[in-house]
Amino acid sequence: MLDPTRLRLPEKPALEGLESKWGPAWDASGVYRFDRSRPRAEVYSIDTPPPTVSGSLHVGHVFSFTHTDLVARFQRMRGKAVFYPMGWDDNGLPTERRVQNYYGVRCDPSLTYDPSFQPPPSPPSRPVSISRPNFVELCGRLTVEDEKAFEHLWRYLGLSVDWSMTYATISKSSQRVSQLSFLDLLRRGLAYQVEAPTLWDVDFRTAVAQAELEDREMAGAYHRIAFRIPAGDDVAAYGRPAVEIETTRPELIPACVALVAHPDDARYRPLFGREVETPLFGVRVPVKPHPLADPSKGSGIAMICTFGDITDVTWWRELSLPVRAVIQADGTLRPTTWGEPPWTSIDPDRAQRFYADLAGLSAAKARVRIVEQLREAGALVGEPRPITHAVKFYEKGDRPLEIVTSRQWFIKTIEFRDALLARGAELRWHPGYMQARYENWAHGLNGDWCISRQRFFGVPFPVWYAVDEVGRVQYERPIVPDAAQLPIDPSSDVPAGYRADQRGQIGGFVGDPDVMDTWATSSLTPQIVCGWPDDRDLFDRTFPMDLRPQAHDIIRTWLFDTVLRSHLEFDALPWKNAALSGWILDPDRKKMSKSKGNVVTPLALLEEHGSDGVRYWAASGRPGADTAFDTNQMRVGRRLAIKILNASKFVLGSAEPQGTIHQPVDRAMIRSLAALVEESTEAFEDYDYARVLQRTESFFWRFCDDYLELVKGRRYGEHGGDAAGSANAALVAALSTLLRLFAPFLPFVTEEVWSWWRDGSVHVAAWPTGAELLALVADHSEPTRQLDDRAYQWATDVLFEVRKQRSEAKQPLKVPVTSVSITAHDTTVGLMPIVEQDLKSALRVKRFDVRVGEPRAIVVDGYEPLS
RNA sequence: AGGCGCGUAGCUCAGAGGUUAGAGCGCCUGCUUGACACGCAGGAGGUCGGUGGUUCGAGUCCACCCGUGCCUACCA
């Protein structure tokens with residue numbers, strides 16, 4: 001166990017510089033390299049979240065990535081070949097935005113590639129227009145820089161990633177996987193294209209998915225508006241000349257196609273099947289019954305517009321209404337000619353006059369204008385009533401979403417809802433209650449997954465369309481490339497059987513202009529990292545994966561979509577376990593975010609508190625629990641690391657002679673350490689790393705404060721070589737065990753100490769077992785165990801009591817205690833000979849006067865005056 | 001509105017039905033002790049959010065309520 005010739009103890013051990021010492025050493029020795037010769041059963045594979053590189057890593061990333069590393073290190077020490085790659089999510093809108101600002105450029109897809117283009121040295125005030133390939137090149141250039149900075153931080157933090165296995169979501173190989181999977185879904189009819197109302201961001205001018213929505217509270221107003229019931233109609237049944245609706249979006253009146261009320265609503269039943277006239281525009285629209293209409297909302301009758309919200313889409317579809325769309329892709333009201341279907345009016349000139357004022361305005365401006373018009377026309381009943389209400393936004397957007405009809409690609413989701421719920425139940429969630437969020441989301445899905453985006457930097461749809469003799473694009477029959485060709489970019493590559501000069505020509509072809517949503521590629525991370533489909537050997541050794549670690553706010557996107565893709569592709573779960581990390585909260589309990597200006601630079605944190613210190617803080621956050629940002633905890637972690645250095649120096653500094661562990665106190669310590677190991681292993685297997693750290697730490701402090709103090713004199717040989725040998729053997733065994741228990745949490749300090757006396761890395765040392773400790777002790781009979789435990793307990797009781805009295809007497813420790821009088825039960829008194837020597841040394845007590853009696857008393861009689 | 005967390009010392013958190021509810025930080029009092037002053041020893045500090053219930057026994061289980069955070073939803 002201990003080789004004195006191997007021992008190298010530093011004079012003054014310190015934490016400073018351990019990160020830059022061990023990072024490169026691990027890299028050189030390859031301790032974290034994945035051994036791909038191992039069979040699936042001996043592999044532990046991790047589907048690491050690829051952080052978005054356009055931006056910076058924040059303390060929340062450090063927090064959650066540490067959690068994954070803890071598990072990876074545990075599994076590695078358990079003997080698994082850990083498959084732990086690292087990815088970068090450089091695909092998508094955040095990168096586009098960052099490149100635009102960083103270089104001062106804008107993508108103009110109509111331009112052609114300029115091979116000699118160089119971005120201006122500093123961003124010009126007016127952005128430079130560049131072609132899509134040039135733009136994509138700049139995205140690549142910038143993300144490479146970002147990825148270097150990210151890797152440096154992760155290495156400094158001590159993530160035990162195999163750095164030879166990094167991937168980027170925009171890389172050629174990721175694009176190949178993404179396009180292959182898409183084409184496979186297309187072939188099987190699981191991906192389809194359709195022109196339909198879709199959620200639309202008017203600033204980014206792209207479709208977005210349901211999963212990217214968020215509600216924001218906005219100021220708005222209810223407008224009560226009168227729809228005239230045409231003369232000549234029998235209005236007696238309704239009894240009034242007009243019906244009043246309430247709306248928060250009066251600017252959509254020109255897009256109104258019907259009114260709707262609940263079928264059972266007696267107030268409006270007389271109107272069902274009749275027509276009413278829209279104010280200002282005089283368009284006749286039917287009044288229809290539908291159960292979704294809520295009699296208690298507004299006036300109980302609503303106008304249906306194409307399209308104000310998702311309910312409008314439902315009504316429009318289910319009631320077979322026409323489309324009368326006014327909001328354009330850029331969010332302004334379109335020019336429209338009244339008098340032609342569907343823009344028919346009883347008074348087209350009047351309608352045209354009103355509308356001329358609105359055309360071209362943004363929705364917000366049109367709202368203001370139309371309220372004036374309605375007021376003048378007498379159609380506004382009362383004044384608008386201000387309210388605040390939840391409005392749907394694209395999560396990265398600045399203006400409310402609109403619903404715009406456009407041609408988009410979808411992946412079938414709805415019909416798999418039940419199967420996906422079953423997959424969710426099959427997955428092991430850590431913590432378990434996170435499954436509810438997945439189920440919430442699956443239950444709430446209201447459409448298939450829209451994966452096309454009208455953007456530039458992303459994985460292109462690998463399809464072209466023929467253009468027929470009259471110039472129509474044949475969307476129904478996409479031309480697909482051969483799998484071997486992938487990845488392709490249809491905007492520059494040419495389909496088989498065509499020439500490049502036929503692009504955009506009659507009888508020629510066009511490429512699909514869109515790119516895939518970033519989640520459409522991110523949802524394939526298991527396929528990407530495990531080598532599907534080109535590296536079948538790697539795939540068989542790593543898939544389905546063991547663990548997906550991620551934050552809980554992207555269950556509805558990354559986790560759900562990955563389960564969907566794996567279900568569709570392999571009819572299997574992509575991983576066995578999902579571990580959800582919580583968020584980092586401010587001291588005031590709000591989620592830390594950049595906008596609040598309270599994000600700390602992670603590297604500065606690591607440098608100040610040491611990577612081990614920061615990891616200690618992160619590891620104290622239980623799976624799934626939101627955790628307060630607390631530099632105090634980092635200081636505590638740092639102190640623990642320093643304590644490990646010093647205690648190790650003590651243990652190793654005088655570890656001769658080694659003997660058998662035969663002293664009751666030593667045996668008791670070893671047995672309780674064995675119990676800790678068993679508990680820790682079980683907790684770690686259940687992903688409860690926080691518990692392991694907490695228990696190990698608490699054991700370690702007691703070990704230092706009580707056990708080390710108790711055996712200090714003995715191990716220095718004050719009570720003979722045999723007694724010293726037992727203490728030394730127990731100390732060395734305990735140190736070896738504790739270092740390995742701490743290794744996943746504090747990789748730097750544990751490796752440093754390990755290197756003083758052991759060959760190889762602690763991070764590939766075997767995870768400790770209770771059995772290996774118990775084997776060091778010969779006698780485990782019940783009477784012996786009880787005696788040992790009672791002796792150790794009694795010794796710590798005396799330790800505590802005498803320390804307390806010395807402290808109250810304000811006596812320095814160097815002052816010897818002349819005698820301690822002890823009154824106790826006879827079984828306790830019987831323990832005194834076992835622990836008396838240790839206690840005398842530890843407490844500087846000259847003599848114990850012991851007698852049998854009740855009640856128990858431990859009394860310091862006096863202190864020897866210093867000469 | 002429905003669902004899921006959380007509520008324990010001033011702060012951050014452990015307490016897996018069973019002695020007198022714990023730790024760290026902070027605070028107070030001592031102490032340069034031969035691993036460590038980046039340290040050591042000791043002390044003060046609690047109606048376990050509330051009300052009922054189950055139990056020999058509840059911080060722990062059940063019901064309801066309060067506060068707080070998040071997820072979800074077709075709120076015109």
Side-chain angles (χ1 to χ4, degrees), chain A residues 9 12-15 215 220 222-223 245-249 252 259-261 290-294 296-305 308-315 387 389-390 431-446 552-553 555-556 582-583 585 587 589-591 610 617 620-622 624-630 632-633 635-654 679 683 688 690-691 694-695 697-698 701 704-705 708-709 712-713 716 799-800 802-815 842 844:
Chain A
L9 282 185
K12 178 82 181 162
L15 297 177
D215 284 351
Y222 278 128
H223 305 76
I245 61 107
E246 289 204 350
T247 180
T248 54
R249 299 204 60 185
L252 293 179
L259 300 190
V260 65
H290 193 281
L292 226 49
D294 184 345
S296 67
K297 278 181 191 154
S299 60
I301 186 164
M303 73 172 177
I304 304 172
C305 304
D309 61 26
I310 302 169
T311 324
D312 279 343
V313 178
T314 308
W315 279 328
I387 52 156
H389 60 153
Y433 58 75
M434 287 293 177
Q435 190 190 338
R437 303 202 173 192
Y438 174 94
E439 291 181 349
N440 261 349
W441 175 250
H443 282 299
L445 278 174
N446 57 27
H552 58 64
D553 55 335
I555 289 175
R556 66 176 182 171
W583 279 332
L585 306 176
R589 311 260 73 184
K590 294 275 181 258
K591 184 193 176 190
W617 160 76
S620 67
R622 309 180 84 76
D626 293 345
T627 300
F629 178 72
D630 188 355
N632 220 353
Q633 282 300 107
R635 278 192 275 273
V636 171
R638 184 180 170 78
R639 218 171 299 179
L640 172 63
I642 293 169
K643 190 77 175 176
I644 290 172
L645 285 177
N646 288 316
S648 302
K649 186 184 161 201
F650 168 75
V651 169
L652 297 171
S654 179
E679 185 193 3
D688 195 355
R691 186 183 194 86
Q694 185 226 320
R695 296 303 164 99
E697 184 194 13
S698 131
W701 284 105
C704 289
D705 295 345
L708 288 190
E709 293 301 327
K712 201 178 255 183
Y716 281 135
L799 210 51
F800 174 79
V802 175
R803 278 169 173 172
K804 177 174 168 160
Q805 289 174 41
R806 182 192 288 279
S807 183
E808 281 164 356
K810 302 191 176 176
Q811 290 291 334
L813 193 63
K814 65 184 173 189
V815 173
R844 301 211 171 196

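Naming: A, B, ... by sequence-line order, numbering from 1 per chain. Computed from a predicted model, the values in this text were never measured in an experiment.
- Close to B/C40, at under 4.0 Å from its OP1 or OP2, lies a side-chain N or O of A/K643.
- A sub-4.0 Å separation between OP1 or OP2 of B/G43 and a side-chain N or O of A/K804 is present.
- Taking only side-chain nitrogens and oxygens, A/N440 never comes nearer than 4.0 Å to OP1 or OP2 of B/G3.
- Of all heavy-atom pairs between A/P812 and A/R806, the closest is O-NH1, 2.8 Å.
- With sequence neighbours left out, the side chain to side chain contact (heavy atoms under 4.5 Å, CB included) criterion links A/T314 to A/L292, A/E318.
- Checking the phosphate oxygens (OP1, OP2) of B/G5, no side-chain nitrogen or oxygen of A/H552 falls inside 4.0 Å.
- Taking only side-chain nitrogens and oxygens, A/R803 never comes nearer than 4.0 Å to OP1 or OP2 of B/G30.
- In this structure, A/H552 and A/W583 have tilted ring planes: the angle between them lies in the 30° to 60° band.
- Nearest heavy-atom pair across A/L708 and A/A647 is CD1-CB, 4.3 Å.
- Among the protein residues, A/D294 comes within range of the nucleic acid bases, having at least one heavy atom under 4.0 Å from a base atom.
- For A/R556 and B/U72, the shortest distance from a side-chain N or O to OP1 or OP2 is below 4.0 Å.
- Between the OH atom of A/Y222 and the P atom of B/A76 there is a distance of 4 Å, rounded to whole Å.
- Remark: B/G39 base-pairs with B/C31. Criterion, Watson-Crick or G-U wobble with two distances under 3.5 Å.
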Scoring nucleotides 22-29 of chain B by protein non-hydrogen atoms under 4.0 Å (B base, S sugar-phosphate only, - none) yields --SS---S

